[in-house]
Amino acid sequence: MDIFLTEKHKIVRHSVRDFAQKEIVPIAKEIDEEQRFPWEVVDKMAALGYLGIQAPKELGGAGMDTVSYTIIIEEISKASASLGLCASVHNSVAIYPILAFGNKSQKERFVPDLATGKKIGAFCLTEPNAGSDASAIEATAIKYENTQSFNNSHQNDSNSDKQDFDKHDEYYIVNANKVFVTNGGVAETFLIFVRTNPSAGPKGISVIIAEKGSAGFIVGERENLSGMRANPVSSIRLSDCKIHASNLLAKEGQGLKIGLAALDTGRIGIAAQAVGIAQGSLEEGIKYAKERIQFNVPISKHQSIQNMIADMGTQVESARLMVYRAALLKDMGKPFSKEAAMAKLMASETASRVADMAVQIHGGYGYSKSYPVERYYRDARITRIYEGTSEVHRMVIARSLLS
Ligand SMILES: Cc1cc2nc3c(=O)[nH]c(=O)nc-3n(C[C@H](O)[C@H](O)[C@H](O)COP(=O)(O)OP(=O)(O)OC[C@H]3O[C@@H](n4cnc5c(N)ncnc54)[C@H](O)[C@@H]3O)c2cc1C
């Protein structure tokens with residue numbers, strides 16, 4: 001598989017693998033069990049550029065390509081999928097849409113803090129009644145003109161981002177109830193999908209950049225998840241939250257376009273995450289198969305176990321190649337939407353199957369928290385659901401093949 005990688009990519013892989021081994025692997029079990037977001041490691045990830053992987057250097061980013069991005073997400077996810085999720089969402093569906101659709105002032109205002117990890121980003125599309133059907137969102141942002149000077153930060157919140165409104169400034173009153181927000185409990189910059197024109201159907205959807213600390217911005221309950229337990233996936237509520245009109249991303253009505261572009265990019269990240277989980281499961285399966293003795297031989301001598309390892313290895317390599325293909329197409333400036341959807345479908349289903357086989361190789365011990373495969377098994381499952389379910393991906397792929 002390395003034939004696709006340049007020397008630069010190999011150096012990136014070597015350094016992120018080394019970092020993950022030293023800094024993430026030792027705490028991966030503990031942060032999962034304690035549902036702890038490890039700021040001490042996230043700060044180190046930021047220092048290495050992993051929170052601004054593709055952001056331009058002049059905006060504080062590392063200026064790397066998409067293939068490097070997949071390598072970094074794969075290696076971090078192999079060590080802790082929760083941290084891989086944090087980095088993937090932050091880079092691809094929080095920073096990327098601002099870079100791709102934001103104006104100069106928005107890029108300068110929001111990207112440097114995100115790309116250097118000073119602030120964590122989040123993407124808020126899903127609502128209680130709008131999951132796969134994003135066009136069903138009910139959140140609203142209604143535009144008004146200001147009539148008096150106003151500051152909308154929480155008076156008692158020392159971390160708040162103050163937003164001053166001059167007379168005649170335009171602003172939105174945002175009401176939204178967003179659920180399953182990755183990074184929700186720690187993020188400070190949120191891309192909120194809203195209806196700016198409630199009667200215009202899908203064409204009335206827009207994206208507003210909201211900042212934690214604004215009056216009416218509430219971080220809700222943290223989800224008690226099966227996997228990805230170190231990521232504070234939470235609900236977010238905006239209640240009559242006054243947000244400056246300059247925080248509108250692109251133009252009113254472009255929300256679905258922005259969302260689809262962000263998810264195309266995001267899917268490459270989730271696919272890379274799934275490959276990381278699958279690779280970790282494969283390595284743990286091989287290690288255990290060589291150590292465990294049954295019927296007086298290591299179980300790796302039994303053909304059934306060998307068959308599983310052969311299938312696992314083959315499926316991991318196939319998924320990784322598909323992820324590289326989607327990333328390379330994006331780097332070449334070519335269409336990659338179908339390929340990203342195929343890579344995400346393939347890699348997420350591979351992660352589930354491979355983690356399942358790794359548990360099987362471990363027998364009863366694979367079902368206990370003593371071995372990492374139990375965590376891989378739980379973490380793998382969600383990759384078939386978020387940023388588009390497998391069923392939705394099949395619809396996207398079929399539509400493209402049949403067009
Ligand atoms: C850990 C985690 C993190 C998440 N992070 C984020 C985030 O950061 N931001 C965000 O906005 N969202 C996030 N989500 C939400 C996630 O993207 C949604 O859960 C996902 O899009 C599916 O939506 P849903 O759960 O409402 O399921 P539903 O849309 O209700 O789907 C239920 C089932 O019906 C199937 N289905 C639905 N429509 C069709 C159809 N037309 N044809 C065939 N089958 C169909 C689905 O495939 C699925 O099997 C996260 C979720 C989790 C669990």
key: Distance in Å, Asn91 CG paired with Leu114 CG, rounded so as to fall on 0.5 Å steps   = 9.5 Å
key: Euclidean distance, His393 NE2 relative to Ser132 OG, rounded to 0.5 Å   = 10.5 Å
inquiry  = If you count every heavy atom of other residues, nucleotides or ligands that lies below 6.0 Å from Gln360 atom CD, does the total exceed 12?
reply    = no
task = Please step through side-chain contact (heavy atoms from CB on, under 4.5 Å) for the pair His90 and Asn183, ending with a clear verdict.
result = CA-CA 8 Å; His90 175 89; Asn183 297 339; 4.2 Å; yes
request  = Using a 4.5 Å cut-off on heavy atoms from C-beta on, say whether the side chain of Val181 contacts that of Val233.
outcome  = no
task = For Lys334 and Leu328, indicate whether the former's side chain and the latter's backbone hold a donor-acceptor pair under 3.5 Å.
result = no
ask   = Between Thr66 and Gln54, is any side-chain donor less than 3.5 angstrom from a side-chain acceptor?
value = yes
task = Check Arg375 against Ala79 and note the closest heavy-atom contact, atom names and distance.
result = NH1-O, 3.4 Å
Salt-bridge contact Arg13-Glu75 (side-chain N to carboxylate O under 4.0 Å) = yes
ask   = Any chance the side chains of Arg381 and Ser352 put a donor and an acceptor closer than 3.5 Å?
value = no
ask   = Is the closest side-chain heavy-atom distance between Arg320 and Gln279 below 4.5 Å?
value = yes
task = Determine, step by step, whether Val89 and Asn231 satisfy the side-chain contact (heavy atoms from CB on, under 4.5 Å) criterion, reporting the C-alpha distance in whole Å, the side-chain angles of both residues, the deciding distance to 0.1 Å, and the verdict.
result = CA-CA 11 Å; Val89 164; Asn231 193 299; over 6 Å; no
ask   = Should the pair Arg378-Glu374 be classified as a salt bridge under the 4.0 Å nitrogen-to-oxygen rule?
value = yes
inquiry  = Quick test of your reading: applying side chain to side chain donor-acceptor pair (under 3.5 Å), list the pairs with at least one residue in residues 253-266, sequence neighbours left out, ordered by first then second residue.
reply    = Asp264-Ser337
task = Any chance you could lay out the salt bridge (Lys or Arg N to Asp or Glu O under 4.0 Å) test for Lys178 and Glu127, step after step, and finish with the verdict?
result = CA-CA 5 Å; Lys178 298 292 179 179; Glu127 296 180 2; 2.8 Å; yes
query = Passes ring pair (Phe, Tyr, Trp, His ring centres under 6.0 Å), Tyr386 versus Phe180? Steps please.
reply = CA-CA 10 Å; Tyr386 55 31; Phe180 288 123; 9.8 Å; no
query = Just checking, any donor-acceptor pair under 3.5 angstrom between side chains of Arg292 and His362?
reply = no
ask   = Should the pair Phe190 and Phe217 be assigned to parallel (<30°), tilted (30 to 60°) or perpendicular (>60°) ring geometry?
value = tilted
request  = Using a strict 4.0 Å threshold on nitrogen-to-oxygen distance, state whether Glu138 and Arg195 make a salt bridge.
outcome  = no
ask   = In terms of side-chain geometry, is the basic nitrogen of Glu108 or Lys104 positioned less than 4.0 Å from the acidic oxygen of its partner?
value = yes
query = Looking only at heavy atoms, what is the nearest atom pair of Ala210 and Leu238, with distance?
reply = CB-CD2, 4.1 Å
key: Nearest-0.5 Å distance that lies between atom NZ in Lys44 and atom CG in Leu51   = 14.0 Å
key: Ile258 and Leu249, any side-chain heavy atoms less than 4.5 Å apart   = yes
query = Quick check: does any side chain N or O of Ser234 sit under 3.5 Å from a backbone N or O of Gly220, one acting as donor and the other as acceptor?
reply = no
message = Has Asp379 got a side-chain atom pairing as donor or acceptor with Met228's backbone, closer than 3.5 angstrom?
response = yes
query = Taking the six-membered ring for Trp, are Phe193 and Phe123 ring centroids under 6.0 Å apart?
reply = yes
inquiry  = Under the criterion side-chain hydrogen bond (donor to acceptor under 3.5 Å, both in side chains), I'd like the reasoning laid out for Gln273 against Thr383: C-alpha separation, chi angles, the key distance, then a yes or no.
reply    = CA-CA 8 Å; Gln273 178 186 53; Thr383 63; 5.9 Å; no
ask   = Which distance, rounded to the nearest 0.5 Å, do you find between the CD1 of Ile299 and the CD of Gln294?
value = 7.5 Å
query = Is it true that the side chains of Ser300 and Tyr288 contain a donor and an acceptor less than 3.5 Å apart?
reply = no
task = For the pair Tyr172 and Tyr144, evaluate ring pair (Phe, Tyr, Trp, His ring centres under 6.0 Å) and give the outcome as yes or no after the intermediate values.
result = CA-CA 6 Å; Tyr172 289 98; Tyr144 296 92; 9.1 Å; no
query = Does the pair Glu211 and Ile243 meet the rule for a side-chain contact (heavy atoms from CB on, under 4.5 Å), with working shown?
reply = CA-CA 9 Å; Glu211 293 174 278; Ile243 298 180; over 6 Å; no
key: Whether Arg36 side chain and Asp32 backbone form a donor-acceptor pair below 3.5 Å   = no
ask   = CG of Asn247 to CD1 of Ile192: how many Å apart, nearest 0.5 Å?
value = 10.5 Å
Close side-chain approach of Cys241 to Ile173, heavy-atom, < 4.5 Å = no
ask   = Should we count CD of Glu221 as having more than 12 external heavy atoms under 6.0 Å?
value = no
message = Whether the Arg237 and Asn175 side chains hold a donor-acceptor pair (N or O, under 3.5 Å, no angle test) is what I'd like checked.
response = no
query = Would a 4.5 Å heavy-atom cut-off, applied to side chains only, mark Ser88 and Ile76 as touching?
reply = no
task = Test Ile120 against Glu188 for side-chain contact (heavy atoms from CB on, under 4.5 Å), laying out the working first.
result = CA-CA 6 Å; Ile120 301 289; Glu188 292 187 61; over 6 Å; no
query = Is there a side-chain contact between Glu252 and Lys143 (heavy atoms, below 4.5 Å)?
reply = yes
request  = Report, as yes or no, whether the 6.0 Å neighbourhood of atom CD on Glu30 holds more than 12 heavy atoms from other residues, nucleotides or ligands.
outcome  = yes
query = Do Pro56 and Leu99 come within less than 4.5 Å of each other through their side chains, counting heavy atoms only?
reply = yes
query = In terms of side-chain heavy atoms, does Ser68 have a donor or acceptor partner in Asp65 at a distance below 3.5 Å?
reply = yes
request  = Identify whether the distance between the nearest side-chain nitrogen and carboxylate oxygen of Glu33 and Lys29 falls below 4.0 Å.
outcome  = yes
key: Minimum-distance pair of heavy atoms, taken over all atoms of Ile73 and Ser77   = O-OG, 2.7 Å
ask   = Nearest heavy-atom pair of Ala274 and Ala351: which atoms, and what distance?
value = O-CB, 3.5 Å
ask   = For Gln35, does its backbone N or O pair with a side-chain atom of Arg222 as donor and acceptor, under 3.5 Å?
value = yes
task = For the pair Thr6 and His9, evaluate side-chain hydrogen bond (donor to acceptor under 3.5 Å, both in side chains) and give the outcome as yes or no after the intermediate values.
result = CA-CA 5 Å; Thr6 62; His9 294 137; 3.1 Å; yes
note = Note: Ala46 and Gly117 closest approach over all heavy atoms is CB-CA, 3.9 Å
ask   = Say you draw a straight line from NE2 of His14 to CD1 of Ile71; how long is it, rounded to the nearest 0.5 Å?
value = 13.5 Å
inquiry  = Quiz question: by atom type and distance under 3.5 Å, do the side chains of His244 and Ser246 form a donor-acceptor pair?
reply    = yes
key: Basic-acidic side-chain contact under 4.0 Å: Arg384, Glu391   = no
task = Work out which heavy atom in Thr196 is nearest to a heavy atom in Gly253; give both atom names and the distance.
result = OG1-N, 4.1 Å
query = Is the backbone of Leu248 close enough, under 3.5 Å, to the side chain of Gln106 for a donor and an acceptor to pair up by distance?
reply = yes
query = Would you call Met342 and Arg325 a side-chain contact if the rule is heavy atoms closer than 4.5 Å?
reply = yes
